[in-house]
Every structure is written in structure tokens, then in C-alpha cells.
Amino acid sequence: MTSDPAFKSEFLRLMQTRGYIHQITHSAELDAACQAGPIVAYIGFDATASSLHVGHMIQIMMLRRLQQAGHKPVVLMGGGTTKVGDPTDKDSQRPLLTDAQIQANIDSIQAVFRRFLTFGDGPNDAVMVNNAEWLDRFGYVQFLRDYGVHFTINRMLSFDSVKNRLDREQPMTFLEFNYMLMQSVDFLELERRYGCVLQMGGSDQWGNIVNGVELIRRVDQKPAFGLTTPLLSTASGQKMGKSVGGAVWLNADMRSPYDYWQFWRNTEDADVGRFMRLFTDLSLEEIARLEALEGAQINEAKKVLANAATTLLHGEEAAKAAEAAAVAAFEQGQLSGDLPSFEIPRADLEAGVVLAALATDAGLAASRGEARRLAQGGGLRVNDKAETDANRTLDASDLVDGVVKLAAGKKKIVLVRPV
RNA sequence: GGGGGAAUGUCCCGAGUGGCAAAGGGGGCGGACUGUAAAUCCGCUGGCGUACGCCUUCGUAGGUUCGAGUCCUACUUCCCCCA
């Protein structure tokens, strides 16, 4: 069940050496299947927000590796499962999304996959499916009779997603309780439609994945496998994926390429090698060389990481622009047009704007009070000068080269442009 | 069906005697130190106002009181014991 170090297939060897594997079911059997020919594997993504975030990157990269190794990736959009809501890692039930919201989220999420996978009709081209296609069609009694019989309450209660909720004395609705059945049925459905034999996912999905594997083996007597990735945390133990300014979204309109580049640039020293293996296509030799850099030199490796990761998601041009902006801002103390900017009507600025209000509107603080506290703590800067009085009024005389440079902390910088 | 407990700062955990914007953690954000790192140390952490201040918060809805997270009533949800 855990990984066998001596994989023979290219795909599993690749996964192993680059650090994607946490647990595998039937690893020898899966290894043999991967060697025998192209396999079909899938990962499901729920549509709870209008963009995926870096936390999903490891899954996306796994599908990419799969395709690189000659296999066929299936991207499963959880149009149906999102209506129920995955209780895994949730302390309490979340508000249910409407069908319209879910569809809007799916529409907005989809595009990023095209940057990482090649879609089409060929044997190892990726395909995207929405599980609403089949889940929406089930009648209640039919669902219970076809699938409900294969699951025992005894076992379902033993899964972490359920147990945690019960341990915390939080209610778990019957609706949520059914999530794992739906995910299992997804796997079965994909096995029947595409001959999909492998489901991958985060380590928190182990229980859900194993259920699907067992369902297929029981109902169709077909091979089925599961593979999970390690829970990604930074070397100092933080959950990966957050950074200055909240969730790191993949969609450019929710998180600029500049910010995305910054996220990778700010990787901890100890994580550089691991992240390069997981999140870039750099060769292992190149990575070995880069991660061996010591002291301040490792910053060069971080730039390579940031460039590679940003290029994959946003393209080379955006990555270069982000790097140039960062070099200018941090290494030369200059402005760059590529820094995030905030537009303000010229007349308003000429009339005078209270700093606290401007900083809040520009997204540097959540409220004026917060902006004020930030200023008092010495964290708010106007044109690189710390400004402790947030009640100060800014006007046209504060323009430098046509913009006002506002910064909260060292890393959150916004250029205020009069329009 | 009966009895006993629990729900707290809208991120989490968690103190709380009728005077509370509410102890303490964690997390988050800022500062110092560095290398746009880690570790460490320091500060901040409900909203609005320049300020004495005003407003909104302790499961929900009422009530008692000058004053309620704290007392009473009903309701909701969860836990435990008895049947």
C-alpha cells in the first residue's frame, strides 16, 4: 500500500523521484499496468470557488506528468458533487452553492487546465468531464439500490472525514454523508466510460479514493487503483498555499502574475528543491545543482523556480515581466509599470484623499482602522517613506513620476495612478 | 419520554464573578534582524470618527435590571446519563 521504491514503469518512477507519492493501493499491480500500456487516470476538482488555487497545483502537475509519460489524463469537474459538498477537512457544513454559481465556477476554472494539458481526441489527449452528467440523473431509489448496497455504515463511520466531524461534536448531514458514495460512483462511471483505472488526489482524499477502488473491484471485477500525494506543507510546518494577501488563486484576474511570481519567489530555502521537482518541468540535474546553492545564493534558485512556475501558468512573457518588476522593486528600489496598480480619478486626488481611505480602497488594508494601525506600526509607506499618520491627506504633490507608490509591508506594493 | 451539560470575539481553540469591546493561546498582519528565506524578539488583530466618543458583537427570540456573555422563559443544535 505504501510506495515501493523500485518501480519499473516510467510514470511511477517519475512520480516517485519527484516526490508526488504518499500512498498507493496495489502498487505492484499498478506498476505493471503502467508498463503494459497507456492507462487512463483522473483527478476530481470541486467547483466551490471561481478559481483553483496553488493548493491544487500538485494535482494539476500530476496530470501533466501522467500525460508526459504517455498516459491519458481525465479532468473531472465536480458539477454534481459540489452540489453536495465534500465534508473532508470541513469543521462544519458550508452553505450550499446554487446550480448557477457552480456552473459559473466551472466555466471560470476550466481555462487553466489548457495551460498544463493537451486536450483532444488522441489516445493520450486529456479530456474534461463534468460529473453532473451522470450524478444529476440518478433517481433516489435507483441510486440506493445500485450503489448504496455496497457501502456499510460501519465502514463509512470509520473514515476520517466522518470521524473528525463526530469527534468535534459538529453535525454532519445525511447529504454530506453521501459525498463519498458519489465520489466512488464517479470513479466507477469513468472506468466504464473511459477505462479509467486510477484516481489520484490529496492525502485527505484517501478514504474517498479507496471506496471507489473497492466499488469498481466489487461491482465490475476490474482493476482499479488509487494514489495520493503527501499533504503539502512548507518546511517550517505552515500549510502551503497562503501568502501575503490571502489565497493564491490561479486565475490571473484574481491574483496577478506578479503576485503569483512573488509567491514562488518567497519560498523557504528548505523547500526550493522539493517545489522545483513538484511544480516545474526543470530536469532533476538542474534542480540538484540549484538546490545545492547556499546562503543568499539560493535566491537565484528561487527566481528560477518562480520563473518556471509562472511560465507554466501565465506564459513566458508574464513571467519575465513579473521578474523584471520584482528586480526593479526589490533589488534596485525602482518603480516598474508591472507592479499592481490602482486607479483613482485625477480630480479626487487633486482634491485630496485621506491616506487611510486610499490604502483601504487600493486593497492594502481591510478597513480604515486597519490602515491606521498599520501606519502606527510603521508598516505603511508612501513613496518609500514610512508614514505613521494615516489621516494625512494625499494630493497631486505626492505624485512621483505620475504615480503614488503605496506599500503595506515590504511586499505588498500598489501604484496609485490618477486617471 | 425524563435528567444533566454545552454553544463566546463571525479563521480556530478557549477563560469569563451582572459594569465587557470581553483574559490567554494558535493563526494572520506589521516592525527589528537577514538574503523579498527560516529561527528569534517586539507590536497590532470588531466597524466608523482626528479625539472625550458612537455603533455592532458572546446559538436564536423574548424578559428581569440603571446596566446582561453572565439571571429568567421559550426555541434550535450538539454531548452525556436514565427509560
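So you know, we letter chains A, B, ... as the sequences are listed, proteins then strands, and number each from 1.
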Query - Interatomic distance at C1', B:A15 relative to B:G3, whole Å - result: 28 Å
**Report entry** nucleotides 41-48 of chain B: protein proximity per nucleotide (B base, S sugar-phosphate only, - neither; heavy atom, under 4.0 Å)
**Finding:** ---SS-SS
Query - Sidechain-backbone polar pair: A:D31 side chain, A:S27 backbone, donor-acceptor under 3.5 Å - result: no
Query - side-chain hydrogen bond (donor to acceptor under 3.5 Å, both in side chains): pairs with one or both residues in residues 41-50 of chain A, sequence neighbours excluded - result: A:Y42-A:Q199, A:D46-A:T81, A:D46-A:T82, A:D46-A:Y179
Query - Qualifying salt bridge (Lys or Arg N to Asp or Glu O under 4.0 Å) pairs with a residue from residues 301-317 of chain A, counting only residues at least two apart or across chains - result: A:D269-A:K302, A:E300-A:K303, A:K303-A:E331, A:E316-A:K320
Query raised in the report: Could you give all pairs that pass the salt bridge (Lys or Arg N to Asp or Glu O under 4.0 Å) test and reach residues 364-374 of chain A, with sequence neighbours left out?
Result: none
Query - Residue pairs fulfilling salt bridge (Lys or Arg N to Asp or Glu O under 4.0 Å) with at least one residue in residues 100-110 of chain A, sequence neighbours excluded - result: none
Query - Length of the NZ-P vector between A:K412 and B:G28, whole Å - result: 13 Å
Query raised in the report: Does any N or O donor sit under 3.5 Å from an N or O acceptor when you compare the side chain of A:Q262 with the base of B:U36?
Result: yes
Report task. Would you list the pairs meeting ring-ring contact (aromatic ring centres under 6.0 Å, His included) in which at least one residue belongs to residues 292-332 of chain A, sequence neighbours left out? Result -> A:Y260-A:H314
Query raised in the report: Which pairs count as side-chain hydrogen bond (donor to acceptor under 3.5 Å, both in side chains) when at least one residue sits in residues 140-151 of chain A, sequence neighbours excluded?
Result: A:Q142-A:D146
**Report entry** ring-ring contact (aromatic ring centres under 6.0 Å, His included) contacts in which one or both residues fall within residues 397-419 of chain A, not counting sequence neighbours
**Finding:** none
Query raised in the report: Under a 3.5 Å cut-off for both distances, is B:G59 Watson-Crick or wobble paired, and to whom?
Result: B:C75
Query raised in the report: Is there a donor-acceptor contact under 3.5 Å linking the side chains of A:Q16 and A:R13?
Result: no
Report each atom pair, protein N/O against N/O of nucleotides 24-26 of chain B, whose distance is under 3.5 angstrom.
none

Requested in this report: Let me know the distance between CZ of A:F275 and P of B:A38, rounded to the nearest Å.
Outcome: 12 Å
Query - Interatomic distance at C1', B:G62 relative to B:G46, whole Å - result: 26 Å
Query raised in the report: In residues 305-317 of chain A, what residues come within less than 4.0 Å of RNA chain B, judged by heavy atoms?
Result: none
**Report entry** B:C12 to B:G59 separation - P atoms, rounded to the nearest Å
**Finding:** 14 Å
Query raised in the report: Between atom CD in A:E294 and atom C1' in B:A38, what is the gap in whole Å?
Result: 15 Å
Query - Donor-acceptor under 3.5 Å (A:T311 side chain, A:A319 main chain) - result: no
Report task. Assign A:R381 to base, sugar-phosphate, or nothing according to its heavy-atom contacts below 4.0 angstrom with the strands shown. Result -> sugar-phosphate
Query - Distance, P atom - from B:U65 to B:U70, rounded to whole angstrom - result: 16 Å
Query raised in the report: Is the NZ or CZ atom of A:R137 both under 6.0 Å from the centre of the six-membered ring of A:F143 and within 45° of that ring's axis?
Result: no
Query raised in the report: How far, in whole Å, is B:U57 from B:C81 if one measures between their C1' atoms?
Result: 35 Å
May I have the list of side-chain donor-acceptor pairs in residues 287-299 of chain A shorter than 3.5 Å, sequence neighbours left out?
unit_1, atom_1, unit_2, atom_2, d
A:E291, OE2, A:R277, NH1, 3.0
A:N299, OD1, A:R265, NH2, 2.6
A:N299, ND2, A:A296, O, 3.3

Query raised in the report: What interatomic distance, in whole Å, is found between P of B:C48 and the corresponding atom of B:G63?
Result: 31 Å
Report task. Quick one: look up who B:G30 pairs with, Watson-Crick or G-U, both distances under 3.5 Å, and put none if it's unpaired. Result -> B:C42
**Report entry** Pairs where residues 348-360 of chain A contributes a residue and the test side-chain hydrogen bond (donor to acceptor under 3.5 Å, both in side chains) is met, not counting sequence neighbours
**Finding:** none
Report summary line: In whole angstroms, the gap separating C1' of B:C33 from NZ of A:K410 amounts to 11 Å
Query raised in the report: Given B:G35, is OP1 or OP2 found less than 4.0 Å from the side-chain N or O atoms of A:K411?
Result: no
Report task. Mind checking A:I298 for me? I need base, sugar-phosphate or nothing, with any heavy atom below 4.0 Å counting as a touch. Result -> base
Report task. For B:G27 and B:G19, measure between their P atoms and round to the nearest Å. Result -> 32 Å
Requested in this report: Find the distance A:E323:CD to B:U36:P and express it as a whole number of Å.
Outcome: 14 Å
Query - Between P of B:G49 and CG of A:D389, the distance in whole Å - result: 14 Å
Query raised in the report: Using the C1' atom in both, what is the distance from B:G35 to B:G24, to the nearest Å?
Result: 35 Å
